[in-house]
Protein chains: 2
Amino acid sequence: MRILKYHVTAKDVAKLAGVSQSSVSRVYFEGASVSNKTREKVLAAAKELGYRPNEFARSLITNRTKIIGLVMKGIHNPFYPEVLKQFTTAFNKLGYSILFVSTNNDEIQKEDIDMLRNYNVAGVIITDASLSLNVTEDFKENQVPLVLFNRKIDNDQFYSVCCNNLDASEKIAKYLIEKGCSKVAYIAGNANTSTSRDREKGFTSIIEKNNVTLNKYTSDYTYEGGYKTAKKIIAEKEVPEGIFVANDIMALGVVDALRENSIMIPAETKIVGFDNIEMASWPTYNLTTWEQPITKMVEQTVNYLMTEMVEFSGYTESVEVNGALIVRKTT
Amino acid sequence: MRILKYHVTAKDVAKLAGVSQSSVSRVYFEGASVSNKTREKVLAAAKELGYRPNEFARSLITNRTKIIGLVMKGIHNPFYPEVLKQFTTAFNKLGYSILFVSTNNDEIQKEDIDMLRNYNVAGVIITDASLSLNVTEDFKENQVPLVLFNRKIDNDQFYSVCCNNLDASEKIAKYLIEKGCSKVAYIAGNANTSTSRDREKGFTSIIEKNNVTLNKYTSDYTYEGGYKTAKKIIAEKEVPEGIFVANDIMALGVVDALRENSIMIPAETKIVGFDNIEMASWPTYNLTTWEQPITKMVEQTVNYLMTEMVEFSGYTESVEVNGALIVRKTT
DNA sequence: CTGAAAGCGCTTACAG
DNA sequence: CTGAAAGCGCTTACAG
């Protein structure tokens with residue numbers, strides 16, 4: 001056993017303040033009614049003793065915590081550290097803490113979920129990973145609100161927050177056509193992600209309507225993936241006039257590969273990415289891309305969770321937040 | 001109030017297994033002695049009911065959790081997402097969860113610490129930020145082990161894990177001299193970080209011994225900072241033959257700025273970074289750098305915390321883990 | 001508004 | 001090894 005500094009409890013505060021322990025509790029419990037006089041006495045005593053309510057005793061009774069579980073897979077994509085930072089800042093301001101879980105698999109594992117269940121998290125955000133229904137039954141049964149961030153699942157079992165991927169990719173297609181491309185390519189991210197599928201769908205629909213030649217390649221949302229795919233395209237001899245790459249980090253790999261082979265961007269080939277990560281604006285790359293409105297997406301997620309945490313409704317919707325095309329020098 | 005699914009407790013398991021609640025508790029508490037017969041009965045009953053010990057009730061008594069607080073500031077530097085991922089993976093494997101705190105200030109704030117104290121974390125890792133002594137008194141008093149990761153503080157009040165910054169920067173200096181540089185520059189990161197100071201100290205000592213001209217610049221460990229500092233250096237007309245940049249992300253900014261001004265790397269100027277982030281190996285950059293041994297640094301931190309969490313000793317030391325020079329095409 | 005008391009789900013001496 | 005009981009620090013009906 002550790003020998004600990006004397007732990008200040010509500011009882012100690014009560015004694016010093018000359019009130020009951022219940023009254024101390026009421027001062028720290030939102031919504032309870034206490035007279036100003038009692039409140040002042042309690043707060044003064046609490047300050048003197050350095051009292052802080054024990055979150056665990058609290059959670060034991062209320063069966064609630066102020067912990068948000070955040071599950072993230074692709075921390076290597078610079079898009080996600082920014083997302084993490086914004087979520088942490090937003091929730092910390094609201095008095096909530098972030099329990100961070102990094103999953104290695106495309107699909108979230110039972111262990112990852114168990115970690116969150118063990119700590120009885122008040123809400124869950126899953127970014128960048130899919131999940132099977134049975135894994136989340138626990139959350140539903142316990143009325144823990146859940147948001148899929150930057151991913152959606154076709155059935156309407158989940159609340160999801162995404163960028164307007166379909167519309168965005170249609171606009172990107174139109175933009176490349178306007179720029180005069182008569183032969184284009186799409187480089188997909190992981191095939192099992194909704195983002196890659198939606199971006200492919202929107203892009204393809206417009207391209208096909210305009211009788212532009214389209215080649216599709218599958219990659220994996222990494223720099224190396226983009227680089228290798230571009231090398232493959234180059235090896236096929238007929239480099240397309242425009243390439244829409246499903247995310248920025250892959251697009252940077254594509255740019256580097258084309259440069260190594262002295263293919264001029266944008267003169268010979270135009271490149272468009274997706275995300276608008278910081279590096280896209282670096283002078284070396286100056287990548288034309290679609291900006292994902294992270295701040296708005298985070299806001300939307302936080303608002304939903306906060307509402308559902310106050311009173312669980314189980315409401316689900318696929319929310320799409322509008323981004324915008326950022327034109328730089330690769331087109 | 002939420003209407004919750006019936007919560008399975010140790011009592012329920014005890015009833016089904018035909019043993020006392022204490023016995024159920026003993027099965028789940030490491031170190032307690034239970035007969036195999038009892039254990040089997042309990043585990044069977046627990047499985048049938050889907051029992052999971054309540055962490056909060058547990059923590060209330062033991063005054064311990066399986067939560068590690070991880071404080072991070074510079075998540076924008078790609079070095080840190082990798083650190084975060086490795087810590088999360090390592091601790092999850094050991095059954096510990098990560099409470100993530102992102103601080104915005106160079107110095108950790110009282111609020112950040114309060115967040116960790118509220119959840120009675122078992123251990124704390126602080127990366128990339130400094131902290132004043134008074135803020136951490138709470139941890140000491142409560143015997144919560146603490147590690148400074150990639151930062152150290154001159155007094156020996158803290159256990160810290162760093163790369164061998166001093167030795168590394170001496171070697172980098174020697175390397176640049178060997179390569180024939182007779183005029184060099186050092187671009188510092190945030191002046192109040194131990195990493196930047198140590199790297200400057202080691203580099204300077206060797207450079208001065210060899211009568212090589214040295215100019216020093218202060219920047220801020222960001223890409224933009226590196227970029228702007230390089231522009232300033234260029235404006236001074238006499239671009240040094242070698243530049244040691246205190247971290248990679250700044251070094252990439254330096255490389256981009258020099259390229260924009262058509263200064264040949266490494267022919268006219270050689271660049272050495274520090275960290276060996278993923279991007280340093282990208283073909284566009286191919287940056288010579290010092291590899292920070294993240295895996296070993298994480299291991300060292302985890303081992304220390306695990307030991308101190310079992311039995312707190314308060315032992316402190318400044319541990320330095322050896323990295324290595326990675327020669328690429330900027331030198 | 002306030003206090004006394006029950007109880008959340010565990011761990012842990014204490015007997016046996 | 002095992003059970004009955006006390007107690008961790010709170011919240012929350014229940015009276016007053």
Side-chain angles (χ1 to χ4, degrees), chain A residues 1-43 45-46 49-67 117-120 122 142, chain B residues 1-43 45-46 49-67 117-120 122 142:
Chain A
M1 279 303 297
R2 296 192 289 178
I3 301 141
L4 291 176
K5 176 187 142 192
Y6 172 66
H7 204 150
V8 180
T9 72
K11 215 170 161 183
D12 303 318
V13 176
K15 192 183 272 175
L16 182 63
V19 300
S20 73
Q21 184 261 314
S22 321
S23 290
V24 175
S25 174
R26 287 191 185 99
V27 170
Y28 289 91
F29 187 76
E30 268 181 81
S33 46
V34 217
S35 69
N36 273 333
K37 208 170 175 180
T38 304
R39 183 185 303 277
E40 278 165 26
K41 281 195 288 187
V42 167
L43 289 178
L49 298 175
Y51 172 69
R52 172 205 316 270
N54 182 313
E55 287 292 337
F56 295 102
R58 195 170 253 187
S59 300
L60 188 55
I61 299 176
T62 61
N63 208 13
R64 290 199 148 293
T65 60
K66 291 214 164 192
I67 303 178
R117 293 285 302 123
N118 279 342
Y119 287 102
N120 199 9
N142 290 282
Chain B
M1 277 300 300
R2 296 191 288 174
I3 299 141
L4 289 178
K5 177 186 139 190
Y6 172 65
H7 204 147
V8 180
T9 72
K11 217 172 160 182
D12 304 317
V13 176
K15 191 183 275 177
L16 182 62
V19 300
S20 72
Q21 185 262 315
S22 323
S23 290
V24 175
S25 174
R26 286 188 185 102
V27 171
Y28 289 91
F29 188 75
E30 271 181 77
S33 45
V34 217
S35 67
N36 274 332
K37 210 170 174 177
T38 303
R39 182 185 304 277
E40 279 165 26
K41 280 195 289 188
V42 167
L43 290 178
L49 299 175
Y51 172 69
R52 170 204 318 271
N54 182 313
E55 287 292 337
F56 296 102
R58 195 171 253 184
S59 300
L60 186 56
I61 299 177
T62 60
N63 208 14
R64 289 199 148 293
T65 61
K66 291 214 163 191
I67 303 177
R117 292 286 303 123
N118 280 341
Y119 287 102
N120 199 9
N142 289 282

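Quantities reported herein were computed from a predicted structural model and do not represent experimental measurements. Residue numbering restarts at 1 for every chain, and letters A, B, ... go by the order of the sequence lines.
Regarding B/Lys15, its NZ atom lies at a distance of 13 Å from the P atom of C/dG9, rounded to whole Å. For the pair A/Arg52 CZ and D/dC10 P, the interatomic distance rounds to 11 Å; values are reported in whole Å. A/Asn118 has its CG atom 14 Å from the C1' atom of C/dC10, to the nearest Å. Note: CG (A/Asn54) to C1' (D/dC10) measures 7 Å, nearest angstrom. Rounded to whole Å, atom C1' of D/dC1 lies 12 Å from atom CG of B/Asn36. Atom-to-atom, CG of A/Leu60 to C1' of C/dC10 comes out at 8 Å; the value is rounded to the nearest Å. Here C/dG9 presents its P atom at 20 Å from CZ of B/Phe29, a figure rounded to the nearest Å. Atom OH in B/Tyr28 sits about 16 Å away from atom P in C/dG9, given to the nearest Å.
For B/Leu49, the side chain to side chain contact (heavy atoms under 4.5 Å, CB included) criterion is met by B/Val8, B/Asp12, B/Val13, B/Leu16, not counting sequence neighbours.
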Requested in this report: Produce a footprint string for nucleotides 2-7 of chain D: one letter per nucleotide, 5' end first; B if the base is under 4.0 Å from any protein heavy atom, S if only the sugar-phosphate is, - if neither.
Outcome: BBBB-B
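Checked against the 6.0 Å centroid threshold, B/Tyr28 and B/Tyr51 count as a close aromatic pair.
Here the shortest heavy-atom pairing between B/Ala17 and B/Ala45 reads CB-CB, 3.8 Å.
Side chains of B/Ser35 and B/Thr38: a donor-acceptor N/O pair is present below 3.5 angstrom, by distance only.
Annotation: the span from B/Phe56 atom CZ to B/Asn120 atom CG amounts to 11.5 Å, rounded to 0.5 Å. For the atom pair OG of B/Ser33 and CZ of B/Arg39, the computed distance is 9.5 Å after rounding to the nearest 0.5 Å.
In this structure a side-chain-to-backbone donor-acceptor pair under 3.5 Å is missing from B/Ser59 to B/Thr65.
For DNA chain C, if you chain together Watson-Crick or G-U pairs that step i with j, i+1 with j-1 and so on, the runs of at least three with distances under 3.5 Å are C:1-3 with D:14-16, C:5-12 with D:5-12, C:14-16 with D:1-3.
Under the 4.5 Å side-chain criterion, counting only non-hydrogen atoms from C-beta, A/Pro53 is in contact with A/Arg58. A heavy-atom distance below 4.5 Å is found between the side chains of A/Leu60 and B/Asn54.
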